[in-house]
Amino acid sequence: MQLRERLWELSDLGDEMHVGMECGTARFLFAITALKAADAAALAKDLETELLNSAAENGIELPPLESGGEGS
């Protein structure tokens with residue numbers, strides 16, 4: 001499963017959350033969201049590592065994260 005699909009799943013879970021939902025439902029949604037978020041974060045880190053390794057192997061210099069875009 002790709003990162004984008006994992007992020008869509010997280011978005012779908014967010015749509016299920018609302019003020020006043022039953023405590024058992026909230027607990028279940030929070031637990032599932034935490035697991036899926038950790039999974040997405042691990043995949044994003046793996047993809048970042050692959051990108052950094054590929055850039056290094058091909059002599060591509062990447063900008064530091066601090067200057068990665070507007071408003072940073």
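Numbers here simply count residues along the sequence, with the first being 1.
Side-chain atoms of Asp39 never come within 3.5 Å of backbone atoms of Leu35 as a donor-acceptor pair (strictly under, hydrogens ignored). At distances below 3.5 Å, not a single donor-acceptor pair connects side-chain atoms of Glu16 with backbone N or O atoms of Leu13.
The hydrophobic cluster containing Leu51, built from Ile/Leu/Val/Met/Phe/Trp/Tyr side-chain heavy atoms closer than 4.5 Å, also comprises Leu52, Ile60, Leu62.
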Pairs of donor and acceptor atoms involving the side chains of residues 23-34, under 3.5 Å and at least two apart or interchain, shall be tabulated with distances.
from, atom 1, to, atom 2, distance (Å)
Thr25, OG1, Glu22, OE1, 3.4
Thr33, OG1, Leu29, O, 2.6

Name every donor-acceptor pair, under 3.5 Å, that has one atom in a side chain of residues 41-50 and the other anywhere in the protein, sequence neighbours excluded.
from, atom 1, to, atom 2, distance (Å)
Lys45, NZ, Glu48, OE1, 3.1
Thr49, OG1, Lys45, O, 3.0

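Taken from CG in Asp12 to NZ in Lys36, the straight-line distance is 10.0 Å, to the nearest 0.5 Å.
In this structure, Ala40 and Leu10 approach most closely via the heavy-atom pair CB-CD1, 4.2 Å.
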